Amino acid sequence: MQDWRKNKLAFAILMAPASFWLILFFTIPLAIVWVYSFGGRGPEGQTLIQFSFDNYRRSLEWIHLGIIWKSIVIATITTAACLVLGFPLALAIAFAPSRLKNVLLLLVILPFWTNLLIRTYSWIAVLREKGFLNFGLEWLWNETDWVLTLLGMPDVLGDFQPLRLLYNLPAVVIALIHVQLPFMVLPLYATLEKLDKSFLEASLDLGASQWRTLLSVTVPLAMPGIASGVLLTFILSLGSFLAPDLLGGTEGLMIGNLIAHQFGPSRDWAFGSALSFLIMYTTFIVLWVRSAIASRSEGGVGI
Amino acid sequence: MSRAIVSIQNVSKLFGSKVVALDDVSLDIEEGEFFALLGPSGCGKTTLLRMLAGFEIPTSGRVMIDGEDMEGVDPNRRPVNMVFQSYAVFPHMNVASNVGYGLKVTGVPRSEIDAQVEEALALVKLDGYEQRMPSQLSGGQRQRVALARALIKRPKVLLLDEPLSALDAKLREAMQLELVRLRNAVGITFIIVTHDQNEALSMANRVAVMNGGRVAQVATPAELYEFPNSRFVADFIGKINLLEATVAGMENGRLLAEAPGLGRVAVPFSGAAHDEIGLAIRPEKIRLDRGEPMEGRLKIRGRVREIAYYGDESHVFIEDGGGIIITANVANDTRTTRGPVSVGDEVWASWAPADTLVLTE
Amino acid sequence: MKTETIAQPVNAVGRAPRLRAKRRILPLEYTRWRSLQVLLAAIFIFLYFPIVSLVAFSFNNSKRNVTWQGFTFDYYVKAYHNAGLHEAFIHSMIIASVSTLVSTIAGAMLGLALYRFRFGLKGFVDGWISLPIVIPEVCMGVAMLAFFALIDFPLGLTTIIVSHIAFSIPFVAVVIRARMAGFDESLEEASRDLGANQLQTFWNITLPYMVPGLVAGALLAFTLSLDDFVITFFTSGPGSTTFPIKIYSMVRFSVTPEVNAASTVLIVLTLTLTVIAMAIQGRSGKHMAAK
C-alpha cells in the first residue's frame, strides 16, 4: 500500500469519478433532506427553509408515535424470531461436513437473490383467506374431523374458520422474517465458522452438557457475530417499505410507509424529511454501536 | 583492482519516525563479484536490496550504481534487475511472454525478442518450455524462468532475494551450483540476500553480515569464519564456544587473560587493550583427551554430558565443575560404533593458543 | 469420513453378519441431530414455499384457485403481449445497462484506489461509501426525489439511472477491493523492475487480474438495478416505469398468474446472472491464484 502523496495523480484520477458521483448524487440529496427536516410546509405544499424542531416534535405526537412504536415492535419481533431460527441454522451449517456446508449456504442465500418485491408479494397467495396456508389447515381440519367421526366423536370440531393472516401485523412480521433471515444467518455463520472448535471440545471434555456448552461457551464467543446480525436485521426491518405496504393493510403500517406518504399524497416534505432522518439517526447509532462492539471484541478476546 | 559497481554510501532508512531499518550503512561491491547480504530476519538486508532495485528510497545517504547516483531514478530505468523471493512469474502469461516481457515493454521489435528469449531459456536449461504456463511448472522451474526473465535484460547487477528459501533441501544444493555456474557464464555481478549462512558461505566471494540495520563485517567466507570481528559474527557464522575473560595485561604481542574454567592463559593478540574480552574457539579445533594435555595449550577439564551423533561427526557437550559447557566436534574417522568418549567420561578439552579468537566487541 | 466396518458375529441362529453399522455421532456434529435436521427442513420449507408456489402456479390454468387446474403457458403468453410489461422491461434493460457501465468503471476505480492507497481520511471514506448500502432504501429514495425536485429536473429514465449508479458504485468498489486483496504485489514490482512504466504495468499485469472482479461487479450492478424497487419508485415519473414497478402496480390490483409469470421471468433472469457471476469468481480464483 502506498501513501497517496507518492502518486497524487493516480490517486486523484482513481478517486474522482466515484467521489464526484457520490457527493453530488448521494451526499447532497441527503443533506437537502436534512435541511428540510428543520423546515416547514407552505400553504401550497412547498417546503419552506427555516430552522425549527417542529417536525421532530410532530413525530412524537400520539398518532405518529403509534406508528413509530409499532415499527420498533415489528422490527424487534422480527429480529428476535430471526435470531431464534437463525442461530440453530447457522450452527448446523457451520458444523456440517464441507460438501454439505456449501450446499446449505447456497440454499440459504438463494432466496436472497430473488427480487424483494416478488419475495414479499408471494406471501399474499399463501396467507390470504383462500390461500395456501388456510387451504392446508382446512384440509387438516377436515381430515381430523373425519378421523374423530370414525372414532365415534362427530361434531367435536365445528366449521373451519380460516385464519386472518393478511393485511395485518402478523403478515408483515412473517414476510419480514422471511426476507431478513439470510441477513441474520450470514454474520452468525461467519463467526461460528471461524470459531476454534477446540473451545467447545474442551468444555465437553470438562464435563459440561451440550446445552451448557452452548450457553457458556458458544454463545459468548459468537457474540460479535450475534451482535452484528441482530443490529443489521433490526435496522433493515425498521426501514421496511414493501412488506407493510403490500401486506400490512391499515394495521401494519410502518415508518417507511408514513415517510412515503408525506412525499406523496400528504405533500409535507419537511415532516417526511424529519421522519426519514429519525431512521437515519437510529441507523448511525446502531452502526456505531456495532463497530464499537466489533473493535472491543477484537481487542478483548485474543483467539 | 576492479571498480566498485555498487557503492552504498552512508545509507540510512527510517520507516515512520521510529523504525530504523538501516543505520548508516556503507558498502562497496566490486564488478563481477558474487556478493551476499547475510543476517537474521529484521537486520535490514532485504531493505537494502530493494533500495538497490529502486523499490525503497534512502532516508539519507546515496546509492551509486556503476558510478551514477540513483537518486530519483525509478526501478524501471535502473541497470539492475531483481529475482523476487516469490519469483513473481506472471501467472497469466506463458514462459516465452514472461521472459520477453522486459524487452516488449521497452520497445524491442518482436523478431528480436523471440531470438533472445530462446537464448535466455537455453541459458537456464529450459529449452523448449516457451509455450508452457507457469501453473504447469515446478517451483524450481519457475525460478529459472524468473532468472531468464531478468538476465535477458543484460543488467549490470542481478539481485536475488532469498533465492533458495522456497526450495527443498536436494533442490537447494543443485540450485546453489546452478547459480554459481550462471554467474560464471554471464559474468555479471550477483548480489543475494539470505538468512542461511550455508548458502552465503558456499556461493559468495564476499559476504556482508548485517545485524540491526548495520553491517557487522564484510569479508570472504573464510575470513568471516576464522577471523570474525565480534561476538555477533562469531556466533552467527557456524558454531562457537564463547568464554568471557578479564584482561590481566599485554606483553610481546600476547594477551594475558583470566577466564573461569580456563585459568590464566596467554593468546596471540595485536589489537588495542581492553578490560574484558571474549575468548572463543571453534568446536572442530578442540581436541579431547583423557590425560592432561601438554603445556602451551588452553585446556578445560570437565565431564561429558551429552553426545549428538551425526554420522560423519559427533558433537560432544562437556561441562566443567563451574557450569561452563564446551562443544567439541569430533570427526568419526575410524569405522567403529563406539565413539572416542562416552557420556559421563572425565575428559580434557584443549586447543592451541593461535586458534583462539579474541573478540573485543 | 471414516465409516467403521463392524462385522457382527454370526450368532447361533445363523444370521448373516451386518457389514455396515451407523457411525456414532461425534459431540460437535450438530448437523446430525434429528431435532436440528427437522428445524432445518422446516426453515427451508418456510423460505422456499412462497416463491416456489408462485413460480409453480404461474403455470396453473386457473385465475385464483389454490388447486391445480392444469399446466399451461397461457399466462406467459399473456404477459408477453402485455404492452405495459413490455415497455417496462425495455426500460429496465436500458437503465440497468447504462447504470452498470458507469458504476462498474467508477466503482472499480474507487475500489482500486482504496486497495492501493493509504490516506488520512480513509476510515471516513470507508464509512461514507458504505452508507448507500446500509441506509434504508426509503431514506435514499426520498432524498433523490427531493434533490431532483430542487434542481427542477423532471423525473424519468435519467433520474432513475442516476440514482441506480449512486447505489451501485459502493457494491462494485467492495467487489473489486476484495478481488485485489488476493493480488501478489511483487508481480507489479517485477514488471517495473523489468522496465515497464506505471501504465504498462497496469495494462499488462494489474488489469488482467482485475477482470474477474470487474465481471462479477458488473453482473452485481446489473442485477441490483434490474431488481430495485423502492428507490426507483421515488425517482420514476410517468412513462418511465420499470419492470418491478409494473409488477408492483399489477400486484396492487390483484395477484394473478400473469403477474406470477412476469415475476418468474424476472427471477430466472436475475438468478442466471448471479450464478454466472459466482461461477466466474470461483473459477478465476484458481486460474489466477496469485498468492
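Computed from a predicted structure; not experimentally measured. Only heavy atoms go into these numbers, but all of them, side chains included; no hydrogens, no water, no symmetry mates. Lettering follows sequence order; numbering is per chain, from 1.
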Honestly, the part of C/Q37 sitting under 4.5 Å from a heavy atom of chain A is neither
Picking from C/P50, C/A106, C/P136, C/G120, which has the most non-hydrogen pairs under 4.5 angstrom with chain A? C/P50
So which residue, C/W128, C/Y115, C/W33, ends up with the most heavy-atom pairs under 4.5 Å with chain A? C/W128
Between C/L273, C/L145, C/T223, which residue shows the highest count of heavy-atom pairs closer than 4.5 Å to chain A? C/L145
Verify whether one side chain among C/T232 and C/D228 offers a donor that lies under 3.5 Å from an acceptor in the other. yes
Which atoms of C/F202 come close to chain A, meaning under 4.5 Å heavy atom to heavy atom: side chain ones, backbone ones, both, or neither? neither
Counting only heavy atoms closer than 4.5 Å, note whether C/L131 contacts chain A via side chain, backbone, both or neither. both
Please state whether the side chain, the backbone, both or neither of C/I51 comes within less than 4.5 Å of a heavy atom of chain A. both
Per side-chain contact (heavy atoms from CB on, under 4.5 Å), C/P170 is matched among C/V175, C/I133, C/L110 by C/I133
Atom group of C/F44 that falls short of 4.5 Å from chain A, counting heavy atoms: side chain
Run the side chain to side chain donor-acceptor pair (under 3.5 Å) test on A/T120 and A/H178 for me, step by step, so that the C-alpha distance in whole Å, both residues' side-chain angles and the decisive distance to 0.1 Å come before the verdict. CA-CA 8 Å; A/T120 309; A/H178 185 237; over 6 Å; no
Is it the side chain or the backbone of C/Y248 that comes within 4.5 Å of chain A heavy atoms, both, or neither? both
Is there a donor-acceptor contact under 3.5 Å linking the side chains of C/S263 and A/Y121? yes
Treating A/K101 as the side-chain partner and A/F95 as the backbone partner, does any N or O pair qualify as donor plus acceptor under 3.5 Å? no
Under a 4.0 Å N-O cut-off, is there an ion pair linking C/E188 with C/R116? yes
Using a 4.5 angstrom heavy-atom cutoff, name the option from C/V255, C/L40, C/L36, C/L47 with the most pairs to chain A. C/L47
Could you have a look at C/L271, C/I165, C/V134 and say which one has the most heavy-atom pairs with chain A under 4.5 angstrom? C/I165
Region of C/F234 in contact with chain A, defined by heavy-atom distances below 4.5 Å: side chain
